[in-house]
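What follows is a single structure, written as structure tokens, with notes after it.
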Amino acid sequence: MSDTDRQENQPLSERGSNRSQRPSSPAFRAFIASGWDEQPPTLPEESPAAPFAAARRERLGAQFPGERLVLPAGTLVTRSNDTDYRFRPHSAFAHLTGLGTDEEPDAVLVLHPTDDDAATHEAVLYFRPRAGKDTEEFFADSRYGELWVGQRPSLEEVAALTGLRTAHIDSLADELAKDAGAGGVQVRVVRGVDAAVQAQVETARTGQQETEAADAVLAEALSELRLRKDPFEVEEMRKAVAATAEGFADVVRSLPRVLAHHRGERVIEGVFGARAREDGNAVGYDTIAASGNHANTLHWIRNDGAVRPGDLVLIDAGVEVESLYTADVTRTIPVDGVFTEPQRRVYQAVLDAADAAFARAAEPGARFRDLHAAAMEVLAHRLADWGLLPGTAEESLAEEGQFHRRWMVHGTSHHLGIDVHDCAQARREMYLDAELEPGMVFTIEPGLYFRADDLTVPEELRGIGVRIEDDVLVREDGTVENLSAALPRTPDDVESWMASLLDR
């Protein structure tokens, strides 16, 4: 049998419909288009995020006068065959439109240059609005059809919600090409988000030089735009942290079920995930529920292990609220509700390192890099006191030493916001080497990790992993606020908190 015979003249791309048949007769089309209750349109109120998003667009546009900036929301991503992951828009798109949750696949925000002295750009949001019930899309399109994915918004509704001018996505290609090309308007795009849009941009700017470098500058600017959070963002971060704290309490209450299940780590993941979906949009990242020696795998997201009496369980989790801002909190708790002496000793060392980083953050002129240095000073001296270093703490802290980093290889802090590792493409001088400024939100998260197979540490410490992570805001007066302070941090407070939740 030839390959042609095997294909039966039906392309592979069309075979997904072989499992079912959709009606298409003229009689059916007329019938399904009729008899619907058409309510008069009610436009939504403008989103609370809209004026803040407008201010962000203005700040971005001022950096690129006379240029066209293209920010795709992204596309649906295939999970398996013809099923997709739940959509989440690209963070830069969400930040500059004020849209969150699953809004709006395949949409594109474009900042068009203007000749208006009062504004550098006009922002236009291109997307596919809902089709009428008399169209095939309504009943037959599993990507956009109302019967498949629910009612999509109209151009007018999205304009009212966001304060943006809206247009049909079909007009995008022509709008991108307007005045572009060699010697024309410079066009920049956020790369790696939507291949089709990126290809349209490349076509529009044929003849422009060093386009990849130009796009990199846009990505950098978008990251740095988020280094200082505005009041709306700070309030969303507070919501995310509050929901996360409730999720941690849920986990403690579930410990009897956790201990009884052969995959107790997954019970923890599920309990926290339920809170994230009930109170927010989703988890901000894959939950780490690491019991015993699993805590010494920094990104343990398999979460398939048992949780045993006597274990510490390290839980690193965050709720992402509907605006897409996420918390990022870690607590390490004793499954039995009480720390053993070795567990408490390690925990206290990590807590002291975290407190040192907090104290450094509160000092005038503190730089981001100083937080890590403060935490490392504490850990190096504690490890030296325990006799674990091949020299003094000072020798270890020297650049050519760093022996203490065997037991903490990650950094102490990262910016936090609409991405869990926010502002990741910012320049070094704007991030690591920058002074802390009002509106910055970041984590403080030192840890110590003593693997079960680490023969350089006493047997009583092997298998213990501890991390304590809080979310921190620099206030307008320069002081720092622990946004996650509602979750206990000291060993005594952790034990009392767990006892209260377990009615002990």
Side-chain angles (χ1 to χ4, degrees), residues 288 290-300 305 307-316 330-361 363 366 369-414 443-470 488-495 498:
I288 297 171
S291 188
N293 192 50
H294 286 167
N296 297 309
T297 300
L298 298 180
H299 288 170
W300 177 259
V307 177
R308 299 178 177 86
D311 277 356
L312 291 177
V313 59
L314 186 159
I315 306 161
D316 186 335
T330 306
R331 289 294 184 266
T332 307
I333 60 175
V335 174
D336 295 338
V338 179
F339 292 96
T340 66
E341 189 282 326
Q343 290 171 349
R344 180 179 278 258
R345 192 187 332 153
V346 176
Y347 188 98
Q348 189 63 55
V350 174
L351 180 62
D352 290 345
D355 287 346
F358 269 98
R360 189 69 60 88
E363 295 177 1
R369 60 165 56 253
D370 297 339
L371 310 184
H372 179 72
M376 292 303 97
E377 289 174 15
V378 171
L379 293 183
H381 281 90
R382 200 63 50 90
L383 291 164
D385 292 344
W386 295 346
L388 301 185
L389 298 181
T392 66
E394 287 71 22
E395 289 170 336
S396 188
L397 288 165
E399 191 64 35
E400 62 272 16
Q402 301 294 301
F403 307 113
H404 58 287
R405 298 301 300 280
R406 175 187 178 105
W407 299 286
M408 184 185 154
V409 297
H410 63 79
T412 301
S413 298
H414 60 79
T443 65
I444 289 179
E445 52 174 313
L448 281 174
Y449 310 93
F450 299 117
R451 289 171 54 96
D453 59 353
D454 190 346
L455 301 181
T456 69
V457 300
E459 187 173 356
E460 65 181 0
L461 298 184
R462 295 175 196 165
I464 293 177
V466 173
R467 180 164 65 251
I468 304 168
E469 179 180 17
D470 287 292
R489 300 174 72 249
T490 71
D492 289 345
D493 287 347
V494 168
E495 292 175 352
M498 293 182 67

Mind listing the closest non-hydrogen atom pair of Asp311 and Ser291 along with its distance? OD2-OG, 2.7 Å
Trp407 side chain reached by Leu389 side chain, heavy atoms, under 4.5 Å: yes
Applying side chain to side chain contact (heavy atoms under 4.5 Å, CB included) to Ala380 and not counting sequence neighbours gives Ala393, Leu397, His404
Identify which one of Leu379, Leu461, Val457 satisfies the side chain to side chain contact (heavy atoms under 4.5 Å, CB included) criterion when paired with Leu448. Leu379
Please test Tyr347 against Ile468 for side-chain contact (heavy atoms from CB on, under 4.5 Å), starting from the C-alpha separation and ending with a verdict. CA-CA 8 Å; Tyr347 188 98; Ile468 304 168; 3.5 Å; yes
Side-chain contact, heavy-atom cut-off 4.5 Å: Arg344 with Asp492? yes
To the nearest 0.5 Å, what is the distance between CZ (Arg467) and CG (Leu312)? 13.0 Å
When you compare the side chain of Asp352 with that of Pro446, does any pair of heavy atoms fall below 4.5 Å? no
Atom CG of Leu351 and atom OG1 of Thr332: how far apart are they, to the nearest 0.5 Å? 11.0 Å
Of all the heavy-atom pairs spanning Ala356 and Ala374, show the shortest one and how long it is. O-CB, 3.7 Å
Just wondering, more than 12 heavy atoms not from Glu459 lying within 6.0 Å of its CD? no
Name all residues meeting the side chain to side chain contact (heavy atoms under 4.5 Å, CB included) criterion together with Arg369; count only those two or more places apart in sequence or in a different chain, and write none if there are none. Arg367, Arg428, Leu432, Asp433
When you measure from the side chain of Thr443 to the backbone N and O of Ser413, does any donor-acceptor pair fall under 3.5 Å? no
So, the side chain of Gln343 versus the backbone of Gly310: is there a donor-acceptor pair under 3.5 Å, distance only? yes
What verdict does the side-chain contact (heavy atoms from CB on, under 4.5 Å) test give for Asp454 and Arg406, after you've listed the backbone C-alpha separation in whole Å, the side-chain angles of each residue and the deciding distance to 0.1 Å? CA-CA 10 Å; Asp454 190 346; Arg406 175 187 178 105; 2.8 Å; yes
Please walk me through it: do Val409 and Leu298 pass side-chain contact (heavy atoms from CB on, under 4.5 Å)? CA-CA 9 Å; Val409 297; Leu298 298 180; 3.6 Å; yes
NE2 (His414) and CG (Leu371) are apart, to the nearest 0.5 Å, by 12.0 Å
Can you confirm whether Val350 sits close enough to Met408 that some side-chain heavy atom of one is under 4.5 Å from a side-chain heavy atom of the other? no
Roughly how far, to the nearest 0.5 Å, is CD of Gln402 from CD of Glu395? 12.5 Å
A quick test of your reading: do over 12 heavy atoms of other residues, nucleotides or ligands sit less than 6.0 Å from CZ of Arg382? yes
Check this for me: Arg405, atom CZ, are more than 12 non-hydrogen atoms of other residues, nucleotides or ligands nearer than 6.0 Å? yes
Taking the side chain as every heavy atom from C-beta outward, state whether Val494 and Pro334 have any atom pair closer than 4.5 Å. yes
Tell me the closest heavy-atom pair linking Pro309 and Asp336, and the distance in Å. CA-OD1, 3.5 Å
Taking the basic N atoms (NZ, or NE/NH1/NH2) and the acidic carboxylate oxygens, is any pair closer than 4.0 Å for Asp470 and Arg331? yes
Taking Phe450's backbone N and O only, do any of them form a donor-acceptor pair with Asn296's side chain (distance below 3.5 Å, no angle check)? yes
Nearest-0.5 Å distance, CG of residue Asp453 to CZ of residue Arg462: 9.0 Å
Just verifying a value: how many Å separate His294 NE2 and Arg451 CZ, rounded to the nearest 0.5 Å? 10.5 Å
Go through the steps for His410 and Glu445 under the test side chain to side chain donor-acceptor pair (under 3.5 Å), then give the verdict. CA-CA 9 Å; His410 63 79; Glu445 52 174 313; 5.0 Å; no
Residues Phe339, Arg345; criterion side-chain contact (heavy atoms from CB on, under 4.5 Å); working and verdict: CA-CA 9 Å; Phe339 292 96; Arg345 192 187 332 153; over 6 Å; no
Side chains of Leu314 and Thr330: does their closest heavy-atom pair fall under 4.5 Å? yes
